There are 4 protein chains.
Amino acid sequence: MFIPEVDTVPAAASEKPDRRESILEAALELFAERGFHGTAVPAVAEVAHVGAGTIYRYFASKEDLVNVVYKRWKGALAHAIVTDFPLHATAREQFHAFFSRAIDFATEHPRAFKFLELHHHAPYLDARSRALESEIFAPAVAFFETTREKQITKDMPSEVLMALVWGAIVGLVKGAWEKRLRLTKDVIAHAESCCWEAIRA
Amino acid sequence: MFIPEVDTVPAAASEKPDRRESILEAALELFAERGFHGTAVPAVAEVAHVGAGTIYRYFASKEDLVNVVYKRWKGALAHAIVTDFPLHATAREQFHAFFSRAIDFATEHPRAFKFLELHHHAPYLDARSRALESEIFAPAVAFFETTREKQITKDMPSEVLMALVWGAIVGLVKGAWEKRLRLTKDVIAHAESCCWEAIRA
Amino acid sequence: MFIPEVDTVPAAASEKPDRRESILEAALELFAERGFHGTAVPAVAEVAHVGAGTIYRYFASKEDLVNVVYKRWKGALAHAIVTDFPLHATAREQFHAFFSRAIDFATEHPRAFKFLELHHHAPYLDARSRALESEIFAPAVAFFETTREKQITKDMPSEVLMALVWGAIVGLVKGAWEKRLRLTKDVIAHAESCCWEAIRA
Amino acid sequence: MFIPEVDTVPAAASEKPDRRESILEAALELFAERGFHGTAVPAVAEVAHVGAGTIYRYFASKEDLVNVVYKRWKGALAHAIVTDFPLHATAREQFHAFFSRAIDFATEHPRAFKFLELHHHAPYLDARSRALESEIFAPAVAFFETTREKQITKDMPSEVLMALVWGAIVGLVKGAWEKRLRLTKDVIAHAESCCWEAIRA
DNA sequence: CATGAATGAGTTTTCATTCAT
DNA sequence: TATGAATGAAAACTCATTCAT
């Protein structure tokens, strides 16, 4: 849809050991755990089981690498949310879809979600990476525009509703990482319900 | 109350140029902007208008410095929320107080709030700093325990409600930083309302 | 015999420029001349014709480097003395062998001898290096034990005789370094004679 | 006699706390233990119970300080040996006096003796300090010249005999430091005897 | 191509020396 | 005069990047 020429997460297991892929995987893991400046390129190489020099055959620099990882997973998150989105369902159902898909993504790809949160608006992200940030929120904002007009959701700026809901989702996921809470099916369902009540008219 | 022996933010303007203070100020600024590993000690020294060596007269190491900054501002946040907290007001009023104080703190000390968010659970934080993390949430969690029992708030784990509300607050503040939204009095009031509706029974 | 798993001095000229070897060579030279604390790692790198960072590819730290140099040359000295030692010759001949070999070592490897003297019992030497110190004297002490029982050497603690003889050897070598005297064949022979007369019964 | 304008060790306890004196005392202790480059000037100040800046009121630099300490104690050693030297006693008695006085000095001022050994011929010693080195041996060398001519001592260069005897003394003292041997009266007497036998004709 | 050894610029930290008090 | 806080130059050490193999 609006996810452009960024490389995507490989759908299924590839047969041969793809070096580029293992580098991206290793980078995701280390950047998510230790941050950009806290991660040494040779450390990425080691986790990826490639030589340090090999990374520079696939990526121009450490900055380039982090940007590729960022774009890939930001795209993957957008993709996970919008693919086959029930555009013609009720607003309530659409919200449920959005919420569930976001939580599902965070549960299935915890490191990617952590990485995206940690590197959000970092100074070493390039223009393209930063642009993706707003793009991903665009459809959700549009959703709130529509539902507000129909007086289904509260009469507040869409960006504010978006910030509240996305913030709550991130709060939930972080709570789960830090073992302060467990994201059971039940908890997720109730939390979704809470968020809906927060925003509905 | 539960704010311990950490050094506090100086109340008013001091008369003479306090080096320790300017170092802490500079560190807060740079750590908030570039992160721990992304900030060089001489950069802190330059912003603080002191020699690089001077930092080591006041702090044992870069790690020590970040921990002092962390404890100071985590303590300040806790202080801002709990000082003269209307413990005997209604649950609704208490929630309002909590929400407003958090937003006020983030508005008055945006760099401190950003710093705390960015360094949350970082591996270079010491035991004392980490302990403060849970301590700060403790009274809020207790609030949700009480109100849930009285069927004022939803029958969900307090930590989940806490995560949703705190997440929403952080989402709001980040939205404001990134200029996606403006935190007017009106927006804050409405957002608070949303959050209450999210959690009330 | 008692020379353990320490790396040894390379026997002959190697074909390609071995960086580890040139670092050890440079370190020996500078540590012997200026001492441990008086020698900067970049200075070692410069003398070794390698980059400063390269040293850390071969040695964990400056301390590690000085310990490797110490063990190598302490081992070499021990080796030079005990290899093919005439254990079944007369006491007088054995003493001659010991004395000559020590002087020969100091003459052939003056920097190594100086290095060992200078770093003797230094606080940055590790347990293994310190252990070598006593190991090297052990056979000589044993020699004095035996000869004293046979009333060939004086009835004094072996360690005292050892200290006198080794001290005299070191005194001689230092005198030669400082150009106060010249270690000609004749001088060495006479000095050896003096030392034997000092200790014989 | 030949000890010139170097400052001397204060004979008895002075009544008021003399800063210069405590600095020299502290410097002797630390330089002997950790070497010149291994000793920080503020560390000397701390041991001396003076401010770091105070050291620079009495000594131009760290190098100056080490040179003053060196000259003082080299002079003290020379003084201890030559004062009231029994110049008209027999050669045997003169040798005994020399040996005993050296050992006595090392026993009474172990740190000074260690300091002198450790800093012998160090590159940061100035011309005057270096000159003292030879001056101190001069009378001893003269002694050997005389006795050799009288065929009391061996027909060898005086410097060689000197090196052997002084080396043996140093070996003995180091052995005592390192607890390899104990310098009892008996051991000292026997050792002196050994040394005489080493050099006598 | 893939590598990993080599490197030098940059990092954190120490310390000899100065100077305002 | 004595001080000790302040400093910047230099120390040990790390790491992004290159390049010979």
Side-chain angles (χ1 to χ4, degrees), chain A residues 17 19-20 23 36-46 48-66, chain B residues 16-20 23 36-46 48-66, chain C residues 16-20 22-23 36-46 48-65, chain D residues 17 19-20 23 36-46 48-66:
Chain A
R19 286 185 170 83
R20 189 168 191 277
I23 293 165
F36 177 69
H37 291 296
T39 300
V41 172
V44 175
E46 194 179 13
H49 298 296
V50 299
T54 304
I55 289 181
Y56 290 85
R57 305 215 133 266
Y58 294 97
F59 306 95
S61 66
K62 193 186 178 186
E63 280 210 4
D64 182 36
L65 174 58
V66 79
Chain B
K16 58 164 182 177
D18 184 342
R19 284 184 169 81
R20 188 170 191 275
I23 292 166
F36 178 68
H37 291 298
T39 302
V41 172
V44 176
E46 194 177 15
H49 297 295
V50 299
T54 304
I55 289 180
Y56 290 87
R57 291 196 63 73
Y58 293 96
F59 305 95
S61 65
K62 192 184 175 188
E63 276 207 9
D64 182 36
L65 174 58
V66 79
Chain C
K16 58 165 183 178
D18 184 343
R19 283 182 170 83
R20 188 170 192 275
S22 43
I23 292 166
F36 178 68
H37 291 297
T39 301
V41 173
V44 176
E46 194 177 14
H49 298 294
V50 299
T54 303
I55 288 179
Y56 291 88
R57 293 196 61 73
Y58 293 96
F59 305 96
S61 65
K62 193 184 174 188
E63 277 208 7
D64 182 36
L65 174 58
Chain D
R19 286 186 170 81
R20 188 168 191 280
I23 292 165
F36 178 67
H37 292 294
T39 301
V41 172
V44 175
E46 193 179 13
H49 298 294
V50 299
T54 305
I55 288 180
Y56 289 86
R57 304 213 134 269
Y58 295 96
F59 305 96
S61 66
K62 193 185 177 187
E63 279 209 4
D64 182 36
L65 174 58
V66 79

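Note: hydrogens, waters and symmetry copies are ignored here, and every other heavy atom, side chains too, is used. Every chain is numbered from 1, with letters handed out A, B, ... down the list of sequences. This structure is a prediction, so every number in the text was calculated from the model and none was measured.
Nearest to the side chain of D/Arg19, among E/dA16, F/dA2, E/dA2, sits F/dA2. Nearest nucleotide to the B/Arg57 side chain, out of E/dA6, E/dT12, F/dG4: F/dG4.
Atom CD of B/Glu46 and atom C1' of F/dA6 are 17 Å apart (whole Å). We find that NZ of B/Lys62 is positioned 12 Å from C1' of E/dG10, with the value rounded to whole Å. Straight-line distance from the CG atom of C/Leu65 to the P atom of F/dC13: 10 Å, rounded to whole Å. C/Asp64 has its CG atom 14 Å from the P atom of F/dA12, to the nearest Å. Atom NE2 in B/His37 sits roughly 16 Å away from atom C1' in F/dC13 (whole-Å rounding). Between B/Phe59 atom CZ and F/dT7 atom P there is a gap of 14 Å when expressed in whole angstrom units. Atom pair B/Ile55:CD1 and E/dC15:P shows a separation of 18 Å (rounding to whole Å applied). To the nearest angstrom, P of F/dT3 lies 16 Å from CZ of D/Arg20.
The shortest non-hydrogen separation linking A/Ile23 to A/Val44 is O-CG1, 4.0 Å. Nearest heavy atom pair, residue C/Ala45 against residue C/Ala52, reads CB-CA, 3.7 Å. Across every non-hydrogen atom of A/Asp64 and A/Phe59, the tightest pair is OD2-CA, 3.4 Å. Residues A/Lys62 and A/Phe36 come closest through the heavy atom pair NZ-O, 3.0 Å.
Toward the 5′ end of DNA chain F lies the nearest nucleotide of C/Phe36, the other residue of the pair C/Phe36 and A/Gly38 mapping further downstream. Summary of the strand contacts: D/Ala52 and A/Gly51 both lie near DNA chain E, and taking for each the nucleotide with the nearest heavy atom, the more 5' one is attributed to A/Gly51. Two residues, B/Thr54 and A/Thr39, neighbour DNA chain F, and the one matched to the more 5' nucleotide by heavy-atom proximity is B/Thr54.
Residue A/Ala40 is classed as a sugar-phosphate contact, given heavy-atom separations below 4.0 Å to backbone atoms only. In this structure, C/Pro42 reaches the sugar-phosphate backbone alone: every heavy-atom distance under 4.0 Å involves primed, P, OP1 or OP2 atoms, never a base. Among the atoms of the strands shown, only primed sugar atoms or phosphate atoms (P, OP1, OP2) are found under 4.0 Å from some heavy atom of C/Val41.
The line from CZ of B/Arg20 to OG1 of B/Thr54 is 14.0 Å long, rounded to the nearest 0.5 Å. Here the straight-line distance linking atom CD1 of B/Ile55 with atom CZ of B/Arg19 works out to 12.0 Å at 0.5 Å rounding.
In DNA chain E, runs of at least 3 consecutive Watson-Crick or G-U pairs, each pair with both distances below 3.5 Å, span E:2-21 with F:2-21.
One finds no side-chain N or O of C/Tyr56 lying less than 4.0 angstrom from the OP1 or OP2 phosphate oxygen of F/dT14. Proximity of C/Tyr58 to the phosphate of E/dA6: a side-chain N or O atom is located under 4.0 Å from OP1 or OP2.
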